[in-house]
Amino acid sequence: MARTNDDVAAVLEEYADLLAITGGEDFKIRVYQKAARSIGAHAADIDGYDAGELRQIPNVGEKIAHKVAEYLRSGTMAQLEELRGRIPAGVRALTRIAALGPKRAMVLHESLGVDSPESLESAIHAGALRDLPGFGAKTEENLLHGIALLRDAGERVQLGVAMPLAEDIVTALKSVQGCRRCGYAGSLRRMKDTIGDIDILATSNRPKVLMSAFIDLPQVTEVIVHGDKKTSVRTSQGLQVDLRVVPPDAWGAAMQYFTGSKAHNIRTREIAGHRKLKLSEYGLFDADTEELIVSKTEEEVYRRLGLPWIPPTLREDIGEIEAALAGELPELVTEDDVCGDLHTHTTLTDGHASLEEMVEAVAGRGYAYYAVTDHGPKLYMQQMTLEKAIAQRERVRELDGTSGLRLLHGVELNIDPDGDVDWPPDVLAGFDLCVASVHSFFDLPKDRTTRRLVRAAEHPCVNIIGHPSARLIGRRPPIDADWDQVFKACARSGTALEINAFPERLDLAAELIRRAKRHGVNFALDSDSHAVGHLDNLRYGIGTAQRGWLTADDVINTWPLDRLTAFLGKKEVLAGAR
DNA sequence: GCCGTTTTCGGCCCGACTGTTTTCAGTCG
């Protein structure tokens, strides 16, 4: 479910951005950002809260509580509207360009009238930035690069944005009279890391009623086309949503068709052709007589093509058809296989929930074990110290075993440019597990980045390389490394690669997961939670792992605790033997 | 604008890099 909290957090972030662009006081901006994060991280849904209840949330004081209460009542805030009136939306979009913040965005707007990434690109090509103080040749180059990066992300939104929206729409449509079945298809069902538009499929004996209900949904701001079989709308986030209604008996064939991918469908239609069959969204037909053969379920459709049912996350025509024909489809890892989370944070560093709150939330998830891995001291802004880590460890030991949960005390180390990490081995040996991640120096030459990651992987105490490529979808490209060398080092040294489930990371990405798997690497599927609500993000990591063709056996946190601890302990044994 | 006191005002995660300057603002994590 898309939560009110997320809406409000987005609105407060927008307000903070607009304050920053208009030259607002730094501390004031930060307070709005902090309040946005606190509300986003607040465990309960704030829908219906009054100002008094809102004030109970950390970093929400009198002023912000009233603004948020106003938003909850009326759907907007007067002061936000005032700023929106002064600053074109495109100027805020400028700050999404890497290395361009609010200050220089405003300079560009005020002196050159730049009001979108596109107009900035034109201005650069026209040489308009040459005479602007503070903008040199290198800056122009960086800005063009940033604009290209933004364009590559295009109009697509992150999986973590599209999924809750699609689920809300499906839930709403299922309750409409006459609706028999409803579900999402397309790249969302294939769990791609970004989504261009949402495809929703339904069967109904009253399609007109369903379509009317669809265009009346509160999320809809624009109707693009409106018919009985297909209706397309745009939502307040600018995302297009297509609803297609098919006859009840065509559900399976339509689901297969609209799930795609296009490349996968071309292959399935080819196979149909070879068998003198014709496959469309309405069913599998005899090519000569046009007689319907099957259409009710996807399983039937695939079976009549001589194939087992192929999981949507594999349908990219990258070998799944061949594997299916050979009976060698992988038994994909599922959320039910996961026994614990191995990378999470608390308020000791940059998390928003205390150790106790996180543990309590996890206890309800049926995990067998759970690791707390706050940042090490090298991430200076977190102000971690060994004393704090040891105090946390004592508390972890006290809580261990409550609610049947085995607690592991870990740390997320920072990998420096040379591949070194925060603490010496004798300190690290005191942790149950060490995640090590890249948080800075993203632009090192490829050979240096490779050495850096290989050294980290070969460190006797590092068990998991966290978010290995350090990409931020639409904002920062992956670091450049000779990945095969890195994967070999991980396989050799018994270091797992993380699949970080945070929607803006999804790192490793599916393609690199497949490559790593060929080297025999193990993986850790982690939420990297900084709040209770983030624990649910794990499902996006599951989708990514499935797209990487992983089975439960590939993933160390599906293993029982004794096998996991043996894996974590093996590194030190290896190190001791050296 | 929030928080937490030394209770009504002062401090607010800290350090480093980049590109532009000629001593630093802007941006980032």
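In the text below, chain A, chain B and the rest are named by the order of the sequence lines, each starting its count at 1. What you see below is based on every heavy atom in this structure, not just the backbone, and it leaves out hydrogens, waters and symmetry mates.
- In this structure, A:Arg130 forms no cation-pi arrangement with A:Phe135, as its terminal cationic atom is not both closer than 6.0 Å to the ring centre and no more than 45° off the ring axis.
- For A:Glu25, taking side-chain heavy atoms from C-beta onward, the closest of the listed nucleotides B:dT27, B:dG1, B:dG29 is B:dG1.
- The partner of B:dC28 is B:dG15, judged by Watson-Crick or G-U wobble contacts that both fall below 3.5 Å.
- Contact annotation: the side chain of A:Gln485 never approaches that of A:Arg451 to less than 4.5 Å [non-hydrogen atoms, C-beta and beyond].
- Nearest to the side chain of A:Arg30, among B:dC13, B:dT27, B:dG1, sits B:dC13.
- Close to B:dT18, at under 4.0 Å from its OP1 or OP2, lies no side-chain N or O of A:Asn142.
- Minimum atom distance to the side chain of A:Tyr32 is reached by B:dG1, of the listed B:dG26, B:dG1, B:dG19.
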Contacts under 3.5 Å, N or O only, protein and nucleotides 2-9 of chain B:
from	atom 1	to	atom 2	distance (Å)
B:dC2	OP1	A:Gly61	N	3.1
B:dC2	OP1	A:Gly61	O	3.4
B:dC2	OP1	A:Lys63	N	3.3
B:dC2	OP1	A:Ile64	N	2.9
B:dC3	OP1	A:Asn59	N	2.7

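- Of the candidate nucleotides B:dT20, B:dG26, B:dG29, B:dT20 has the atom lying nearest to any side-chain atom of A:Thr139.
- Look at the P atom in both B:dC28 and B:dT22: the space between them is 24 Å, to the nearest Å.
- Salt bridge status for A:Asp418 with A:Arg448: present, with a side-chain N to carboxylate O gap under 4.0 Å.
- Put simply, CG on A:Asp416 is 13 Å from P on B:dA16, counting in whole angstrom units.
- Contacts of A:Phe442 with the nucleic acid, taken as non-hydrogen atoms under 4.0 Å apart, involve only primed sugar atoms and P, OP1 or OP2.
- The interatomic distance linking A:Ile21 (CD1) with B:dG26 (C1') rounds to 14 Å, in whole Å.
- Considering every non-hydrogen atom in both A:Ser440 and A:Arg452, the closest pair reads O-NH2, 2.9 Å.
- Closest to the side chain of A:Lys34, from the set B:dG29, B:dT20, B:dC13, is B:dC13.
- A straight line from NZ of A:Lys138 to C1' of B:dT18 spans 9 Å, rounded to a whole angstrom.
- Counting only N and O atoms by type, the side chains of A:Asp482 and A:Thr450 include no donor and acceptor under 3.5 Å apart.
- The shortest distance between side-chain heavy atoms of A:Asp554 and A:Val521 does not fall below 4.5 Å.
- To the nearest angstrom, P of B:dG1 lies 11 Å from CE of A:Met77.
- When distances run from any side-chain atom of A:Lys28 to the nucleotides B:dG29, B:dC13, B:dG1, the shortest one goes to B:dG1.
- Inspection of the A:Gln219 and A:Thr235 side chains reveals no N or O donor paired with an N or O acceptor under 3.5 Å.
- The side chain of A:Arg104 contributes no N or O atom lying less than 4.0 Å from OP1 or OP2 of B:dG19.
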